[in-house]
2 protein chains.
Amino acid sequence: MADSISMKNGKIVPDIVVSRLPLYLRSLARLQEEGKEVTSSQELATRLGFSSAQIRKDLSHFGEFGKQGTGYNIAFLREQLKAILNLDIEWQVALVGVGDLGHALAHYGRFSQKGFRITALFDNDPAKIGMEINGVVVQSHDEMVESIKKAGIRIAILAVPVKVAQETADKLVKAGVRAILNYAPITLSVPPEVKVQNIDPIAHLQKMTYYCQR
Amino acid sequence: MADSISMKNGKIVPDIVVSRLPLYLRSLARLQEEGKEVTSSQELATRLGFSSAQIRKDLSHFGEFGKQGTGYNIAFLREQLKAILNLDIEWQVALVGVGDLGHALAHYGRFSQKGFRITALFDNDPAKIGMEINGVVVQSHDEMVESIKKAGIRIAILAVPVKVAQETADKLVKAGVRAILNYAPITLSVPPEVKVQNIDPIAHLQKMTYYCQR
DNA sequence: TAGATTGTTAATCGATTAACAATC
DNA sequence: TAGATTGTTAATCGATTAACAATC
């Protein structure tokens with residue numbers, strides 16, 4: 001993924017800063033649920049295990065959202081962050097691969113709750129094509145490129161076996177997809193304008209066992 | 001998670017280096033499947049999108065594994081990395097929360113393929129307790145601490161709803177768990193000796209939409 | 001040997017943090 | 001006003017990379 005893009009009079013926002021914005025958003029939602037109206041960089045920091053300086057610095061890349069002596073209005077900061085992350089619209093998402101994992105993802109309510117509507121499903125297993133999940137019909141891989149293009153879908157979740165992951169990613173790119181959430185344990189090769197985020201539970205477990213004595 | 005632990009005559013290995021070892025392992029497995037016997041930092045780098053210098057530097061924290069002019073013997077480097085990550089034994093894993101996601105995880109073959117055997121399942125839904133998945137019987141949350149202690153399980157996968165995630169994590173810690181793979185969208189608070197890795201697909205999607213024009 | 005590639009050092013680059021003036 | 005907390009600057013810290021001697 002590109003390291004950063006231009007923002008706030010041509011200055012650049014590091015990719016790692018962007019990564020933290022969703023976590024800020026999550027904490028703010030939590031605070032709001034708890035009935036709070038304002039918060040501080042210190043409170044957010046404690047909750048997230050970051051430093052307050054980091055939070056203020058991160059936010060400063062995008063503007064000024066707080067008031068000295070008071071802190072941040074939670075509802076306001078949430079709205080601002082949502083706008084920055086382009087979350088003030090609903091995104092259509094294609095889910096490719098309706099195996100066990102894909103099935104669970106298709107049922108996972110939090111996607112649509114957070115504005116990511118899975119509006120297209122694809123699989124190449126004839127037994128699955130035509131099946132309906134949550135009101136969406138599973139289509140064949142052959143229809144994929146055309147169907148995604150036609151719907152103007154920009155985000156895809158890739159939940160296919162490793163051996164077809166790269167070729168499927170290639171088709172997604174051809175279809176105009178710009179963001180791929182990749183569940184296959186492989187480093188995908190895509191053009192630089194396409195973003196990829198990998199989810200590999202095994203890699204996480206293997207990292208933690210380093211710290212566990214047997 | 002702690003930033004690093006001591007290694008190789010008291011020197012310290014940055015946490016971020018440890019994070020990359022599983023990816024090296026994954027690439028090496030791939031290369032081996034392709035029939036290759038040796039590789040180079042350059043080849044690994046290209047596959048992973050890293051620099052070759054980074055790969056050599058990372059490995060140098062743990063020893064010398066290559067030969068000048070030749071590169072690395074794949075089978076040997078794999079074994080070494082597995083040993084470093086404590087992957088030369090099989091780990092027992094407890095899976096807590098057998099909803100849609102938990103169910104999919106319980107069926108996900110790659111865990112046991114990679115040496116993580118899910119040997120205990122827990123849920124607090126009476127309808128699920130007693131159910132058998134892949135030969136493992138779902139137990140109640142009430143039995144959890146005792147059961148994990150007795151089995152000596154050190155790794156848990158947390159797939160419960162957000163609202164009970166922290167209290168469940170507390171129980172896991174009490175039961176002696178040292179590594180938690182957390183699927184609940186919340187920052188868990190645990191003692192420093194317990195490692196947590198978070199998997200939050202929404203956060204990944206929200207990061208990518210930053211780079212997508214609507 | 002000549003060519004290739006390691007392991008390591010030093011230089012560079014970037015991210016985090018400490019500190020504080022500004023100000024609510 | 002006094003206390004609190006922001007936004008920002010400069011210092012620190014750490015990670016990445018370039019370069020190369022060593023050597024297979």
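- A distance of 14.0 Å separates NE2 in B/H204 from CD1 in A/I180, rounded to the nearest 0.5 Å.
- A donor-acceptor contact closer than 3.5 angstrom is absent between the side chains of B/Y211 and A/N86.
- Listed nucleotides: C/dT23, C/dG7, D/dA15. Nearest to the side chain of A/Q68: C/dT23.
- Close to D/dT5, at under 4.0 Å from its OP1 or OP2, lies no side-chain N or O of A/S41.
- Within residues 46-58 of chain A, the residues that place at least one heavy atom under 4.0 Å from DNA chain C are, in residue-number order, A/S51, A/A53, A/Q54, A/R56, A/K57.
- Considering CG of B/L48 and OG of A/S189, their distance stands at 12.0 Å, rounded to 0.5 Å.
- No more than 12 heavy atoms of other residues, nucleotides or ligands shown are found within 6.0 angstrom of NZ on A/K67.
- One interatomic measurement links the two molecules: CZ of B/F65 to P of C/dG7, which rounds to 8 Å at whole-angstrom precision.
- For the segment residues 22-37 of chain A, the set of residues with a heavy atom within less than 4.0 Å of an atom of DNA chain C is empty.
- Summarising the geometry, the separation between CG on A/L77 and C1' on D/dT6 is reported as 13 Å, rounded to the nearest angstrom.
- Of the two residues contacting DNA chain D, namely B/G69 and A/G71, the nearest-nucleotide position lying further toward the 5' end is that of A/G71.
- Minimum atom distance to the side chain of A/S60 is reached by D/dT8, of the listed D/dT8, C/dA15, D/dC24.
- The structure places CG of A/L95 at 9.5 Å from CZ of A/F122, a figure rounded to the nearest 0.5 Å.
- Contact check, A/R20 against C/dT16: a side-chain N or O comes under 4.0 Å of OP1 or OP2.
- A straight line from CD1 of B/I16 to C1' of C/dA15 spans 11 Å, rounded to a whole angstrom.
- When only modelled atom types and interatomic distance are considered, A/D58 and A/Q54 share no side-chain donor-acceptor pair under 3.5 Å.
- The CZ atom of A/R154 lies 13.0 Å from the CG atom of A/L172; values are rounded to the nearest 0.5 Å.
- Here the CG-CG distance, from A/L21 to A/L81, works out to 6.0 Å after rounding to the nearest 0.5 Å.
- Judged purely by distance below 3.5 Å, without hydrogens or angles, the side chains of A/T46 and A/Q42 pair a donor atom with an acceptor atom.
- The CD1 atom of B/I74 sits 13 Å away from the P atom of C/dT5 (whole-angstrom rounding).
- Distance CG (B/L59) to P (C/dT6): 9 Å, rounded to an integer number of Å.
- Inspection of the B/R117 and B/S112 side chains reveals no N or O donor paired with an N or O acceptor under 3.5 Å.
- When the C1' atom of D/dA22 is taken as reference, atom CD of B/E64 falls 11 Å away, rounded to whole Å.
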Task: Per-nucleotide pairing state of DNA chain D [Watson-Crick or G-U, under 3.5 Å; [ ] pseudoknot-crossing; | other strand] - done: ..||||||||||||||||||||||
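- Atoms CG (B/N73) and P (C/dA4) sit 21 Å apart, rounded to a whole Å.
- Considering NZ of B/K174 and CD of B/E146, their distance stands at 11.0 Å, rounded to 0.5 Å.
- At the phosphate of D/dC24, neither OP1 nor OP2 sits under 4.0 Å from any side-chain N or O atom of B/Y72.
- The separation between B/F76 atom CZ and C/dT6 atom C1' is 14 Å, rounded to whole Å.
- Checked by atom type, the side-chain pair B/R56/B/S41 shows a donor-acceptor distance below 3.5 Å.
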